[in-house]
Visitor: 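Take this structure, written in structure tokens, and hold onto it; I'll ask about it next.
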Protein chains: 2
Amino acid sequence: MENNNYREIFIKNNIKTTKQREIVFDILMNSNVPLSAKEIFIKLVKKGNNMSLSTIYRILDVFVSKGLVVKSNISKNNKAVYEVKGMEHKHHLVCDCCGKILVLDNCPLEGYERSLEEKTMFDITSHKLEFFGICPECKIKIEGNV
Amino acid sequence: MENNNYREIFIKNNIKTTKQREIVFDILMNSNVPLSAKEIFIKLVKKGNNMSLSTIYRILDVFVSKGLVVKSNISKNNKAVYEVKGMEHKHHLVCDCCGKILVLDNCPLEGYERSLEEKTMFDITSHKLEFFGICPECKIKIEGNV
DNA sequence: TTCTATGCAAAAATTTTGCAATCGT
DNA sequence: ACGATTGCAAAATTTTTGCATAGAA
């Protein structure tokens with residue numbers, strides 16, 4: 001899992017291949033939940049790597065500007081979180097109570113987006129959709145305390 | 001437009017009515033786009049009021065915890081933005097290029113949410129949906145430069 | 001009066017920036 | 001070799017917190 005062909009992706013996007021970019025991209029590729037800059041930092045340190053936090057921010061900015069990564073904000077502490085922009089795009093269901101994130105596979109908005117383009121004259125490039133609720137485990141906890 | 005019955009709303013939610021809370025709530029009620037803490041601050045100063053920024057943060061936290069206000073993040077600079085949680089809920093279409101925000105009136109997710117509850121066993125409490133794209137004005141600008 | 005909310009100033013946390021050194025092509 | 005990228009440290013922003021004072025019920 002450590003080797004990779006991210007080089008090809010980087011070349012295709014006109015950015016230089018550096019060890020740091022490979023590390024960050026690899027972490028994002030292997031995470032199924034969006035990560036903040038600091039979380040990425042912690043993960044790479046745990047793997048035995050090291051990197052300046054400002055480098056991580058700069059790398060993420062580059063990835064976002066190239067459309068490789070999506071920046072959003074679903075964390076409770078308003079930190080920006082990042083995830084690779086897969087072809088099949090994913091949405092999330094976040095527990096209000098414990099913060100757990102469930103990844104959803106399908107998107108209910110295909111048709112709607114098109115009608116919105118017609119109505120607004122925007123060229124729609126993307127959307128963010130997140131659901132919030134109480135997960136089954138927390139429901140039990142809450143009921144237990146009643 | 002300055003007078004209001006926010007007192008009733010506050011009483012109903014078990015929070016004390018203070019001048020500061022009325023000012024902040026009024027600004028949120030009269031804005032059709034989500035505002036950051038600092039934007040709220042600037043607006044109230046322009047109206048001749050004054051308030052500590054930390055008070056604004058604390059007031060917003062209270063409003064969010066009572067479900068009166070929704071905190072999200074669609075600004076480019078990852079600042080948290082806040083808007084009143086209306087009965088009719090609104091989504092937004094944000095221009096990638098100039099940051100302009102268009103308010104959308106209807107929500108395409110009514111039915112989907114219910115099926116998601118069944119599938120995941122979550123009690124879904126809310127969702128956030130934002131669209132991004134290029135607005136007509138920016139399209140012209142961009143084409144002009146080609 | 002009692003408890004909560006506010007202001008202020010200081011701290012914490014996140015993100016950005018300048019500059020010299022290093023690395024990729 | 002050249003230009004882009006990184007690290008470091010410092011700055012800029014955003015958000016949180018402690019404590020004394022003021023305000024609501």
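Residue numbers begin at 1 in each chain, while the letters A, B, ... track the order of the sequences. Predicted model, so just to flag it, every value in this text is computed and none were measured.
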Visitor: Counting just side-chain N and O atoms, does B/S54 come under 4.0 Å of either OP1 or OP2 of C/dA9?
Guide: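 Looking at the OP1 and OP2 atoms of C/dA9, neither is under 4.0 Å from any side-chain N or O of B/S54.
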Visitor: Give a yes/no on whether any side-chain N or O of A/Y57 is located under 4.0 angstrom from OP1 or OP2 of C/dT15.
Guide: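 Checking C/dT15 against A/Y57, a side-chain N or O does come within under 4.0 Å of OP1 or OP2.
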Visitor: Is there a side-chain polar atom (N or O) of B/S36 under 4.0 Å from OP1 or OP2 of D/dT14?
Guide: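 False: B/S36 side-chain N/O out of range (4.0 Å or more) of D/dT14 OP1/OP2.
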Visitor: For D/dA25, take OP1 and OP2 only and decide whether either is under 4.0 Å from a side-chain N or O of B/R7.
Guide: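 It does, given that an N or O in the side chain of B/R7 lies less than 4.0 Å from OP1 or OP2 of D/dA25.
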Visitor: Verify the contact: side-chain N or O of B/K16 to OP1 or OP2 of C/dA5, cut-off strictly under 4.0 Å; return yes or no.
Guide: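 No, B/K16 has no side-chain N/O under 4.0 Å of OP1/OP2 on C/dA5.
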Visitor: Tell me: CG of B/L53 to P of C/dA9, nearest whole Å?
Guide: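 These atoms are roughly 14 Å apart.
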Visitor: Under 3.5 Å, is there any donor-acceptor pair linking the side chain of A/R58 to the base of D/dG7?
Guide: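 Yes.
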Visitor: Would you kindly compare A/T18 and B/K19 by the position of their nearest DNA chain C nucleotide and give the one closer to the 5′ end?
Guide: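 Taking each residue's closest nucleotide, the earlier one in sequence belongs to B/K19.
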Visitor: Give a yes/no on whether any side-chain N or O of B/Q20 is located under 4.0 angstrom from OP1 or OP2 of C/dG7.
Guide: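 Yes, within the criterion.
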Visitor: Would you say A/K38 reaches C/dT14's phosphate, i.e. side-chain N/O to OP1/OP2 under 4.0 Å?
Guide: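 The answer is yes; a side-chain N or O of A/K38 sits under 4.0 Å from OP1 or OP2.
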Visitor: If we ignore hydrogens and angles and just use 3.5 Å, is the side chain of A/E130 paired with the main-chain N or O of A/H92 as donor and acceptor?
Guide: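 Pair found, side chain donor or acceptor close to backbone of A/H92.
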Visitor: Figure out the CD1/P separation between B/I59 and C/dT4, and round it to whole Å.
Guide: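 The distance from CD1 of B/I59 to P of C/dT4 comes to 16 Å, rounded to the nearest Å.
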